[in-house]
There are 2 protein chains.
Amino acid sequence: MSGFDVGNRLKQLRLSRELSQRELAKRAGVTNSTISLIEQNSVSPSVSSLKKILDAMPVSISEFFAGESESQEQVFYPSSELTEIGDGTLSWKLVGARRPNRSMSIIHEHYPPGADTGEEMLEHEGEEGGVVIAGAIELQVADEVRQLQAGDAYYFDSRLPHRFRNTGDSECVIVSANTPPSFSDGGDEQHHV
Amino acid sequence: MSGFDVGNRLKQLRLSRELSQRELAKRAGVTNSTISLIEQNSVSPSVSSLKKILDAMPVSISEFFAGESESQEQVFYPSSELTEIGDGTLSWKLVGARRPNRSMSIIHEHYPPGADTGEEMLEHEGEEGGVVIAGAIELQVADEVRQLQAGDAYYFDSRLPHRFRNTGDSECVIVSANTPPSFSDGGDEQHHV
DNA sequence: TCATGCTGTCAAAGATGTTCAACAAGGGCC
DNA sequence: GGCCCTTGTTGAACATCTTTGACAGCATGA
């Protein structure tokens with residue numbers, strides 16, 4: 001039901017750090033029994049306990065739950081197999097779109113002169129970052145606006161309102177990554193960026 | 001102590017979906033009281049309860065714990081402010097290195113002819129993907145080897161053994177992303193890729 | 001062989017999380 | 001006003017998680 005094996009995941013992380021249950025327990029401020037029971041999946045730990053334990057390794061909770069699913073996935077993507085999402089002007093090529101199990105989406109973005117993600121600022125869950133490869137782009141995040149050239153980069157919390165705009169007169173190329181993936185679900189085509 | 005406000009995070013997600021405590025509880029198979037108490041941080045829910053609740057929205061647990069920390073972070077990175085990690089031959093420019101709170105690291109990689117991540121295959125936690133910008137690279141993942149050209153891309157589970165090698169005679173440029181970040185901690189300089 | 005120190009497991013007692021059922025506050029409507 | 005429906009909160013009972021303290025297994029070394 002849970003779909004995620006908390007016990008084995010914890011054990012694997014603990015062993016990879018060569019810690020005993022008692023040693024980890026001591027660092028985490030819990031008892032060895034707690035760790036034993038959790039590793040056997042005899043109990044479902046409280047978030048606070050789990051956090052204490054992970055902090056002692058240290059492993060972030062989100063890291064702990066990353067890899068929430070497993071399967072044979074495509075690894076290599078010839079440019080012809082990238083999934084293109086365009087709205088007439090700008091073009092986004094997704095590396096392995098519609099794969100909900102991934103923790104990131106990677107996008108090869110092409111903004112022709114004048115391209116703009118829109119006056120209404122984008123806001124959504126997650127984080128995103130990227131590197132400008134060619135041309136230049138005007139990026140606004142919250143109330144800060146900057147002009148980024150080839151070689152420059154950015155990284156921000158996607159909950160901050162943001163907007164991309166090519167105000168120059170040559171195409172701008174960016175490679176970006178988002179987590180969690182914005183375009184992974186086959187359903188709606190919301191223009192998260 | 002916890003450093004992460006489970007209650008408010010849950011409330012925020014619930015409200016953004018315009019669900020009442022009772023409605024969410026019903027879908028999740030728990031009671032409204034549970035949700036009320038969690039949102040007030042009166043209790044630290046068990047992982048199983050939290051998972052039931054998140055599944056009902058739906059939100060993955062890793063998504064839930066993604067912005068695990070908040071603070072004013074640098075957004076814009078002029079190329080001069082990228083952190084370069086090199087070993088003489090290959091060069092990796094990190095976008096905002098040493099920021100443990102991030103869920104991804106983004107790297108502008110330059111492989112001169114002959115550059116190689118080494119005969120001993122790389123293996124580590126997480127996922128990684130990228131796009132080849134210029135030149136060509138030989139990428140091996142598990143027992144599959146491919147030659148990727150400019151415009152091609154890749155994505156794989158970093159636990160699979162992997163190796164990058166520039167077998168051509170021109171520099172290869174890649175923009176890649178990793179999650180969780182491989183180079184975020186100020187401590188050791190392990191060559192995760 | 002016996003002692004020592006480590007490992008992981010487990011039963012019972014104690015602490016914490018969850019449910020049930022009741023309650024007050026607010027809005028809409030007659 | 002009165003009624004009805006919704007909302008979120010809370011006390012007491014119940015279920016679950018955590019600790020305490022013990023145990024067996026397996027090394028190392030006297």
Side-chain angles (χ1 to χ4, degrees), chain A residues 1-68 125 159, chain B residues 1-69 125:
Chain A
M1 185 99 335
S2 135
F4 186 78
D5 189 338
V6 172
N8 280 332
R9 177 95 174 103
L10 176 58
K11 184 166 196 168
Q12 164 200 339
L13 288 169
R14 177 175 64 82
L15 292 180
S16 77
R17 284 163 180 72
E18 298 181 2
L19 294 168
S20 70
Q21 291 182 342
R22 281 185 161 83
E23 175 57 27
L24 177 55
K26 189 174 141 200
R27 295 191 193 179
V30 300
T31 61
N32 58 311
S33 315
T34 302
I35 303 211
S36 173
L37 295 172
I38 293 172
E39 286 188 355
Q40 298 170 81
N41 286 318
S42 298
V43 298
S44 171
S46 72
V47 168
S48 56
S49 300
L50 182 60
K51 183 149 201 336
K52 278 196 260 179
I53 294 167
L54 295 182
D55 283 349
M57 299 232 253
V59 172
S60 76
I61 298 202
S62 63
E63 225 174 307
F64 184 82
F65 287 107
E68 221 185 310
E125 283 294 311
R159 286 174 295 196
Chain B
M1 186 101 333
S2 137
F4 186 78
D5 189 337
V6 172
N8 280 331
R9 176 93 174 104
L10 176 58
K11 184 166 195 169
Q12 163 199 339
L13 288 169
R14 177 175 64 81
L15 293 179
S16 75
R17 285 161 178 73
E18 299 184 357
L19 293 169
S20 70
Q21 291 182 343
R22 280 184 160 84
E23 175 58 25
L24 177 56
K26 189 173 142 198
R27 296 191 193 180
V30 300
T31 62
N32 58 312
S33 314
T34 302
I35 303 207
S36 173
L37 295 173
I38 293 172
E39 287 188 353
Q40 298 170 80
N41 287 316
S42 299
V43 297
S44 171
S46 70
V47 168
S48 58
S49 302
L50 183 60
K51 183 151 203 335
K52 279 196 259 178
I53 294 166
L54 296 182
D55 282 349
M57 299 228 259
V59 172
S60 77
I61 298 202
S62 61
E63 224 174 310
F64 183 83
F65 288 107
E68 213 188 315
S69 63
E125 284 293 312

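These numbers were taken from a predicted model, which means no experiment stands behind them. Each chain gets a letter, A, B and so on, in the order the sequences are listed, and its residues count up from 1.
In this structure, the nucleotide among D:dT9, C:dT18, C:dG8 sitting nearest to the side chain of B:Ser36 is D:dT9. Checked against C:dT7, D:dT7, C:dT18, the side chain of A:Ser20 finds its nearest nucleotide in C:dT7.
With rounding to whole Å, B:Leu37 atom CG is found 12 Å from C:dT16 atom C1'. Computed from coordinates, the A:Ile38 CD1 to C:dC10 P distance equals 15 Å when rounded to whole Å. In this structure, the CZ atom of B:Arg22 is 8 Å from the C1' atom of D:dG8, given to the nearest Å. In this structure, the CD1 atom of B:Ile53 is 8 Å from the P atom of C:dT19, given to the nearest Å. Atom pair A:Leu19:CG and C:dC6:C1' shows a separation of 15 Å (rounding to whole Å applied). B:Glu39 places its CD atom 15 Å from the C1' atom of D:dT10, with the value rounded to the nearest Å.
Within a heavy-atom distance below 4.0 Å of DNA chain D, the residues of residues 23-34 of chain B found are B:Asn32, B:Ser33.
Taking side-chain N and O atoms only, A:Gln21 has a distance below 4.0 Å to OP1 or OP2 of C:dT9. Within the structure, a side-chain polar atom (N or O) of A:Arg14 is placed less than 4.0 Å from OP1 or OP2 of C:dG8. Of the side-chain N and O atoms in B:Ser46, none sit less than 4.0 angstrom from OP1 or OP2 of C:dT16.
Distance CD1/A:Ile53 to CD1/A:Ile38: 4.0 Å, rounded to 0.5 Å. Residue B:Leu54 holds its CG atom at 8.0 Å from NZ of B:Lys51, rounded to the nearest 0.5 Å.
A:Ser44 places a side-chain N or O within donor-acceptor distance of the main-chain N or O of B:Ser48, the cut-off being under 3.5 Å. Looking at A:Arg22, its side chain never comes within 3.5 Å of a backbone N or O of A:Asn32 through a donor-acceptor pair.
Summary of the strand contacts: B:Ser42 and A:Gln40 both lie near DNA chain C, and taking for each the nucleotide with the nearest heavy atom, the more 5' one is attributed to A:Gln40.
In terms of heavy atoms, A:Leu19 sits closest to A:Arg14 at O-NH1, 2.8 Å. Residues A:Lys11 and A:Glu39 approach most closely at CA-OE2, 3.5 Å, considering heavy atoms.
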Derivation of the side chain to side chain contact (heavy atoms under 4.5 Å, CB included) call for A:Leu50 and A:Phe65: CA-CA 11 Å; A:Leu50 182 60; A:Phe65 287 107; 3.9 Å; yes

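If you check every strand for non-hydrogen atoms under 4.0 Å, A:Ile35 touches nothing.
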